[in-house]
Amino acid sequence: MDPRLSLMESSSDEMVLKGIFLPFISPSHLVPVVDIARIFAMEGVDVTIITTPANAAVFQSSIDRDCIRGRSIRTHVVKFPQVPGLPQGLESFNASTPADMVTKIGHALSILEGPFRQLFRDIKPDFIVSDMFYPWSVDAADELGIPRLIYVGGTYFAHCAMDSLERFEPHTKVGSDDESFLIPGLPHEFEMTRSQIPDRFKAPDNLTYLMKTIKESEKRSYGSVFKSFYAFEGAYEDHYRKIMGTKSWNLGPISSWVNQDASDKASRGSRDNKAKEEQVEEGKDGSWLAWLDSKKEGSVLYVCFGSMNNFPTTQLGEIAHALEDSGHDFIWVVGKTDEGETKGFVEEFEKRVQASNKGYLICGWAPQLLILEHPSIGAVVTHCGMNTVIESVDAGLPLVTWPLFAEQFFNERLLVDVLKIGVAIGAKKWNNWNDFGDEIVKREDIGKAIALLMGGGEESEEMRKRVKALSDAAKKAIQVGGSSHNSLKDLIEELKSLKLQKLNA
Ligand code: UDP
């Protein structure tokens with residue numbers, strides 16, 4: 001072999017930018033980090049995603065397709081540690097995770113730090129993109145002398161609002177949990193109540209230490225990546241950079257950027273993705289499509305509360321009545337229904353709405369991206385999870401907002417008060433994940449918000465115009481020359497020049 005050839009090969013190989021992506025083990029963190037990894041691979045970066053077997057099963061088919069498309073991307077699977085009492089295959093925090101398994105999964109995850117760090121050393125990447133829930137990865141990247149980018153779930157808006165709460169503590173200056181206060185120091189004025197903000201702001205709890213550690217690791221990171229787009233929350237993107245003092249790149253909407261064909265959309269986030277893709281390829285992708293095809297444009301309400309939520313049967317009952325009473329057609333992702341009372345109730349309701357042809361129930365994982373882009377969908381009822389918010393806005397759909405936990409009450413304010421593309425259902429109390437407290441949102445309140453949004457009045461028409469403009473901006477953001485496209489290009493160039501500096505040094 002000509003020695004000059006091998007030198008040329010090795011030097012050009014050395015110049016390929018190599019990144020590791022470490023997603024968290026819950027669907028709504030896993031799915032976007034994988035999407036981000038895939039857009040890096042689209043731009044010629046050599047990508048390795050590190051995860052565990054059950055989590056890899058959620059996205060591997062898309063990675064296989066990307067390889068066929070000629071992209072340099074792979075998954076490195078690490079065995080999930082065996083912890084006494086934890087059944088094999090239980091490797092994720094989601095709506096089906098039994099409450100008594102949460103600590104065990106957390107324990108197994110902490111054991112993985114060692115193997116993950118070892119992989120970083122073996123793979124020798126030029127940079128790491130890590131989920132916020134691995135704060136230790138900032139030290140691991142330091143040891144290797146490479147940049148660590150943090151993936152921060154949620155909106156810039158929510159992060160800025162939470163920073164304001166920490167800095168100014170406006171919630172300590174009101175007389176009761178229901179008295180509203182302004183969140184100070186932000187680009188817009190909006191109000192919240194003490195009962196709507198996460199508990200950790202009111203008194204230290206088991207999340208306080210973790211969130212503090214995450215914020216410190218965020219500040220020590222080379223920068224952060226987000227998944228919205230400048231036209232959506234640009235003022236807060238700028239504000240975030242100021243308060244954090246770090247760099248940040250906004251790369252969304254990533255879901256539509258990377259999932260451009262029906263197979264990727266159909267399988268996104270689902271463990272039985274093979275079956276879903278085959279249905280799409282054979283043109284028989286489930287009866288939900290035929291049902292939606294039979295409906296008028298913009299006439300159907302899509303109702304979904306994300307990947308983490310299981311309402312109690314009483315709350316499901318209120319939703320069911322509200323949907324039926326509204327007179328509008330709806331597609332409702334009910335989620336897990338394998339427990340006695342809930343199962344019976346849902347089956348009964350499903351029979352009724354099948355007979356009236358007014359509703360379609362999905363008792364499992366819905367192909368959300370495909371549903372949202374269907375022309376018959378007219379609006380979305382959401383818990384304000386950040387992914388669903390961006391996906392709905394991207395699809396040009398106004399929202400009924402029903403926040404439950406995490407940063408969702410902040411997202412509601414962005415949609416309702418700042419962007420004016422959402423109608424609040426009137427949820428009053430923040431709760432921990434899957435703890436519904438004693439608040440049941442009544443059918444009348446759900447019905448009012450649905451009527452306002454689907455009723456075709458002036459207010460709803462104005463919202464539709466605004467969200468359509470945002471949807472157009474979302475499409476532009478990911479095209480060549482668009483804000484998110486430029487962000488990704490800039491970030492990759494910056495990472496390449498860091499690599500070059502290191503090589504020269
Ligand atoms: N999702 C889906 N099908 C479902 C439920 C959820 O495809 O049946 C996807 C949805 O498209 C989104 C994510 O899962 O990308 C949910 O994230 P979100 O931030 O909206 O809510 P979370 O799951 O964090 O509560």
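It should be emphasised that the depicted structure is a prediction, and the values quoted were computed from it without experimental measurement. Remember, it's 1-based here, ligands and their atoms both numbered in the order they're listed.
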Note to self: Using the salt bridge (charged side-chain N to carboxylate O under 4.0 Å, His left out) criterion, which residues pair with E216? Sequence neighbours excluded.
What the structure shows: K212
Notebook entry, point to check: Is the distance between the ring centroids of F330 and Y360 under 6.0 Å?
Noted result: no
Item checked: Criterion salt bridge (charged side-chain N to carboxylate O under 4.0 Å, His left out) against D394, the qualifying member of K227, K475, K468 -> K475
Taking distance alone, no hydrogens or angles, what donor-acceptor pairs closer than 3.5 Å link side-chain atoms of residues 303-310 to residues at least two apart or in another chain?
residue, atom, partner, partner atom, Å
N310, ND2, A95, O, 2.5

Next item on the list: For R413, enumerate each residue passing the salt bridge (charged side-chain N to carboxylate O under 4.0 Å, His left out) test, keeping only those at least two apart in sequence or located in another chain.
Entry: D417
Checklist line | Identified ring-ring contact (aromatic ring centres under 6.0 Å, His included) counterpart of Y156 within the set Y230, Y236, F226 | finding: F226
Next item on the list: Tell me the residues surrounding ligand 1, counting only those with a heavy atom closer than 4.0 angstrom, sorted by chain and number.
Entry: S28, R268, C304, G306, S307, M308, V333, G364, W365, A366, Q368, H383, G385, M386, N387, T388, E391
